[in-house]
Engineer: 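Okay, handing you the structure first.
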Amino acid sequence: MKSVKRNEVEEKYTWDLKDLCESPEAFDTGLKEVEADIHEFSKKYKGKLNDVDVITEMISEYEKLQEKFIRVYGYANMNISVERGNPAFQEMTSKASNISSLLSEELNFVETELIELDEELLKEVEEKSDNNKGIIHKILRAKKYYLGKEVEQALSSLEKVFDNAYSTYSSAKHADLSFEDFEVDGKKYPLSLVLFENYYEGLHDTKVRRAAFDSFSKQLKKYENTFASTYEGQLNKEKAISKLRGFESVIDYLLYDQEVTRELYNRQIDIIMEKFAPVVRKFVGLVKKVNNLDKLTYADLKISLDPNFSETITIEEAKEKLMAGLNILGADYVDMIGRAFDERWIDFPVNDGKSNGAFCFSPFGVHSYILNSWTGSLEDLFVLGHELGHAGHGMYSQH
């Protein structure tokens, strides 16, 4: 394992973003088109949403505008997620973020005008077309927490400011944070965020694993005040908005968009603490015993139970295993897995500046994209299978 630059990885293992945008030039063109469409849309419908047919027409055009926007916005975010320190990608993301703010601010009237209509008219709109049901359902729920046109407009104009905490955190973690090599018994080992989380955390060599953890933690500690202050800013934002909108708590505010009840949330926490925690304590005790550890530290929690398991899986083998193992879900699902590999929906390389973890992005009207950092472990295979599950869910839902 070694830390490499993005321009050193094999292209065939990277994702192909051409289905979102053909090129950076096409991205710029697409962004300008979206900006023009936003202004045209606003001019056509602002102040005129009081008729069932007009609202139905507006919803159809609104969906098309959002679909076009999500492609260019996704293109910028996919690029920055694999190389946070790339100035061109940073500029691209900034442009996309500006258009996102414009979209939120300029088209805020859609929600505010609809929300002020009588429920009977909104229900007429809902019954007019299946395509209307989603947005009208959202509007009817939002009536309870509506703050008035002027306040909602002001909040929309501050969207980029509200997102700043996460942007700062991501930039610090992926662009500024760097790690030095660490040494064990005279041998040097490379270290990066992705290498630590995807490789060293699960390594059965206890000396190397714990040394990697110590080196990783030492570097993180240099940023602890920055991260803490940034997180505090996020918490203060959530607290202020939840209070402003009249939610009973910050938790209720955060659950609102997911349409999850507080009872369900509390139930999940209780099950984890009461039922699952004893199982985990027993499991980590077995990990300590089977791996002959002198003690169990935080650095030891991610190693597997079997110290003798050392199978390394190639990307090509992963494709075969996933298609065979998931064929019970049907031919269409297996075909999707094959396409994900063959058509380069997945980004595999471990490189400097790449976002850690894994995610699936499913833009409407386009296939899903999956970010992964492949080290060849069995866990990598499971994570990829998990993300392909999100891909299947997203694409089938859209269909």
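We count residues from 1, following the sequence as given. In this text, all values refer to a predicted model and were calculated from it rather than measured experimentally.
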Engineer: Please report whether the ring centroid of F179 lies less than 6.0 Å from that of F216.
Structural biologist: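 That pair passes the under 6.0 Å test.
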Engineer: Less than 4.0 angstrom from a charged side-chain N to a carboxylate O is my criterion; do R339 and E343 meet it?
Structural biologist: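 Salt bridge: yes.
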Engineer: Are the side chains of Y146 and E116 in contact, using a 4.5 Å heavy-atom criterion?
Structural biologist: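 Yes - at least one pair of side-chain heavy atoms lies under 4.5 Å apart.
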Engineer: Quick one: does L193's side chain get under 4.5 Å of K173's, heavy atoms only?
Structural biologist: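 Counting from C-beta outward, L193 and K173 do come under 4.5 Å.
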Engineer: Could you pull out the closest heavy-atom pair between L388 and M336, with the gap in Å?
Structural biologist: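 Answer, listing the atom of L388 first, then M336: O-CE, 3.5 Å.
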Engineer: Could you tell me which non-hydrogen atom of L322 sits nearest to which non-hydrogen atom of I337, and how far apart they are?
Structural biologist: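 It is O-CD1, 3.9 Å.
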Engineer: Answer yes when D347 and K354 have at least one side-chain N-carboxylate O distance shorter than 4.0 Å, and no when they do not.
Structural biologist: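 Judged by the 4.0 Å cut-off on N to carboxylate O distance, D347 and K354 do form a salt bridge.
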Engineer: Determine whether the side chains of S156 and E105 contain a donor N or O and an acceptor N or O closer than 3.5 Å.
Structural biologist: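 No.
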Engineer: Before giving the answer on ring-ring contact (aromatic ring centres under 6.0 Å, His included), spell out for Y200 and F213 the whole-Å C-alpha distance, their side-chain angles and the decisive distance to 0.1 Å.
Structural biologist: CA-CA 8 Å; Y200 291 117; F213 179 87; over 10 Å; no
Engineer: Just wondering, are more than 12 heavy atoms of other shown residues or ligands nearer than 6.0 Å to CG in L286?
Structural biologist: yes
Engineer: Report the residues that fulfil side chain to side chain contact (heavy atoms under 4.5 Å, CB included) with S304, sequence neighbours left out, ordered by chain and then residue number.
Structural biologist: H204
Engineer: Are I346 and L17 joined in one hydrophobic group, where the rule is that I, L, V, M, F, W and Y side chains link up if heavy atoms are under 4.5 Å apart?
Structural biologist: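 No, separate clusters.
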Engineer: For S242 and Y253, work out which heavy atoms get closest and say how close.
Structural biologist: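 Scanning both residues, the minimum pair turns out to be CB-CB, 3.4 Å.
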Engineer: Strictly by ring-ring contact (aromatic ring centres under 6.0 Å, His included), give each pair with a member in residues 321-341 just once, sequence neighbours left out.
Structural biologist: F341-F348
Engineer: Quick check: Y231 with F227 (ring centres under 6.0 Å apart)?
Structural biologist: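 No, they do not, as the ring centres are separated by 6.0 Å or more.
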Engineer: For a 4.5 angstrom cut-off between non-hydrogen side-chain atoms, does E83 reach K5?
Structural biologist: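 E83 vs K5: side chains apart.
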Engineer: To check you understand the geometry: which heavy-atom pair defines the closest contact between S368 and W345, and what is its length?
Structural biologist: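 Between these two residues, the closest heavy atoms are O-CB, 3.5 Å.
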Engineer: Could you tell me whether the side chain of I38 reaches within less than 4.5 Å of the side chain of F69, counting heavy atoms only?
Structural biologist: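 In short, these two side chains do not touch, never coming nearer than 4.5 Å.
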Engineer: E106 pairs by side-chain contact (heavy atoms from CB on, under 4.5 Å) with which of V110, L103, L102?
Structural biologist: L102
Engineer: Is the shortest distance from a Lys or Arg side-chain nitrogen in R71 or E67 to a carboxylate oxygen in the other one below 4.0 Å?
Structural biologist: yes
Engineer: Give me the atom names and distance for the closest heavy-atom approach of R84 to Q90.
Structural biologist: O-NE2, 2.8 Å
Engineer: Is D252 paired with R262 through a side-chain N to carboxylate O contact shorter than 4.0 Å?
Structural biologist: yes
Engineer: Taking L254 as the starting point, is it possible to reach V260 by hopping between hydrophobic residues whose side chains are less than 4.5 Å apart?
Structural biologist: no
Engineer: Could you pull out all residues at least two apart from L244 that satisfy side chain to side chain contact (heavy atoms under 4.5 Å, CB included)?
Structural biologist: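 For L244, the residues satisfying side chain to side chain contact (heavy atoms under 4.5 Å, CB included) (neighbours in sequence not counted) are L147, L155.
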Engineer: Compute both the distance and the angle, then confirm whether R344 meets the cation-pi test with Y13: under 6.0 Å from the six-membered ring centre, within 45 degrees of the axis.
Structural biologist: no
Engineer: Looking only at heavy atoms, what is the nearest atom pair of G74 and L20, with distance?
Structural biologist: C-CD1, 4.1 Å
Engineer: Could you go through the ring-ring contact (aromatic ring centres under 6.0 Å, His included) check for H367 and Y369 one step at a time?
Structural biologist: CA-CA 7 Å; H367 58 76; Y369 283 95; 4.6 Å; yes
